[in-house]
Amino acid sequence: MEIKTFIENVADQFDETDAAVFTPETEFKELDEYSSLVALSLIAMIDDEYDVTLKGDDIRNSKTIQDMFNIVKSKL
Amino acid sequence: MAFLDFKNVRITGFSAGVPKNVVKTKSRNPKYSDDEFIKNVGVVEKRIDDSFTTSDLCYHAAEQLIADLNWDKKEIDALIFVSQFPDYVLPATACILQDRLGLSRDCYAMDISSGCSGWVYGLSSVSSLISNGGVKKALLLVGDARRIYDVKLLDPLFGFAGCATAVEYQEGENGIKFQMGTDGSGFDAIITPEGGARNRFNEKSLDIDVDEDGVQRNGLCSRMKGMDVFSFAISTAPKSVKKLAERHQIDLSKVNYLVLHQANKRINDMIVKKLGFDEDRIMESMSTFGNTSSASIPMSIVASSTTNNYIERKTFMTCGFGVGLSWGTAYFELENCIISKIVEV
């Protein structure tokens, strides 16, 4: 899996935030648009695209998009 | 691995008891408007009336079904009541219902404490009693009426319902096939923390806490770890259904109906997509009755059959999943099955 596509997939879950904002270092939970519903969309997207089901703790333990990417990769 | 297969068992009827009082869904989370909340959760309205307990609703559903089936009450050998809102801490509500319904003193009666997976668990217990002919007719009464101290604290997801399922012995029937599972490591993913023996009711139990989303609860309100429940449901439920289908070579594309526990719209849409069912093969009730806990599967069958009080031969895949964490899938055929009109009380 590639970080570039992963970032695009993450950005897709945010309707109002400009896609250009997203980098590996983005602290996605600090974005204004982040909410518990976005968290569910992220879990659903990762389940759909990567066949990995993240738990609540995986999201809680991810500060940046890179952190979340690493967790998904470790579960592949 | 908990695969069960009970022959000689047939479901012959369903009924549902709900309060007349309709409550439109409102978001209690200041971050979401009512419309946003309804769009994601899928509950437009539900039935709530704090004057009924679960057993009241089940009683009315059972009386209707017994009348529609023309059953002689003396012939009902077993009653199983599944709920997480029983009438009393003790005795078991099934005993109270045996008397209230006027059933025989020779009746087997038992409570099962279970929520989202409760109908499937109850059905497996009833089926095990019937399969070898020891019990010929049984009632499975399920549901939750979340009577709490303050209606304002009620989770907007849930509606009140009590459903009755009639199950009979019939020699040579294909019966009902099950796959069940448990993951108690997630016991606190959905929990009412106080009021039981572990954290007893105390002087602080009614104090209101406000969580990070601005939602108010006291110690007797249930709470949910949303992300954990979501990831559990979208992964476990489809696997359970697929395991059962694989074991019995059931072609999911040929199953007439998929009836899922009515968790919420996002969860159910994901599961339906993973299992490849089209909308016309889904029975639902969450939009008009909310998440009715253990009643949600029979409630969906009753609510989807309002134009017809009778089901001709059809195959059903049903799956309940949630609080426990616990799950169960049941596969069966319905033929000449009575669907009572919804009983509004």
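Just so it is clear, the structure is predicted and the values come from calculations on it, not from any experiment. So that the names make sense, note that chain A is the first sequence line, chain B the second, and so on, each numbered from 1.
Heavy-atom contacts from other residues, nucleotides or ligands closer than 6.0 Å to NZ of A:Lys55 number 12 or fewer.
Taking 4.5 Å as the heavy-atom cut-off, the residues of residues 37-46 of chain A that approach chain B are A:Leu37, A:Ala39, A:Leu40, A:Ser41, A:Ile43, A:Ala44, ordered by number. Contact annotation for residues 1-36 of chain A against chain B (heavy-atom separation below 4.5 Å, listed by residue number): A:Tyr34, A:Ser35, A:Ser36.
A donor-acceptor contact closer than 3.5 angstrom is absent between the side chains of A:Ser62 and A:Asp67. B:Arg146 and B:Ser222 share a donor-acceptor pair across their side chains, judged by distance under 3.5 Å alone. At a cut-off of 3.5 Å, with distance as the only test, no side-chain donor of B:Thr288 or B:Lys46 sits close to an acceptor on the other residue. Side-chain contact, B:Glu194 with B:Ser205: a donor N or O sits under 3.5 Å from an acceptor N or O. A side-chain donor-acceptor contact under 3.5 Å links B:Ser185 and B:Asp183. B:Asn40 and B:Glu36 share no side-chain donor-acceptor pair at under 3.5 Å.
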Residues B:Ser300, B:Glu284; criterion side-chain hydrogen bond (donor to acceptor under 3.5 Å, both in side chains); working and verdict: CA-CA 5 Å; B:Ser300 298; B:Glu284 76 93 33; over 6 Å; no
Verdict with supporting geometry, B:Ser253 and B:Asp251, side-chain hydrogen bond (donor to acceptor under 3.5 Å, both in side chains): CA-CA 5 Å; B:Ser253 70; B:Asp251 180 351; 2.7 Å; yes
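A salt bridge between B:Asp34 and B:Arg28 is absent, with no side-chain N of the basic residue lying under 4.0 Å from a carboxylate O of the acidic one.
Only the side chain of A:Asp48 has a heavy atom closer than 4.5 Å to any heavy atom of chain B.
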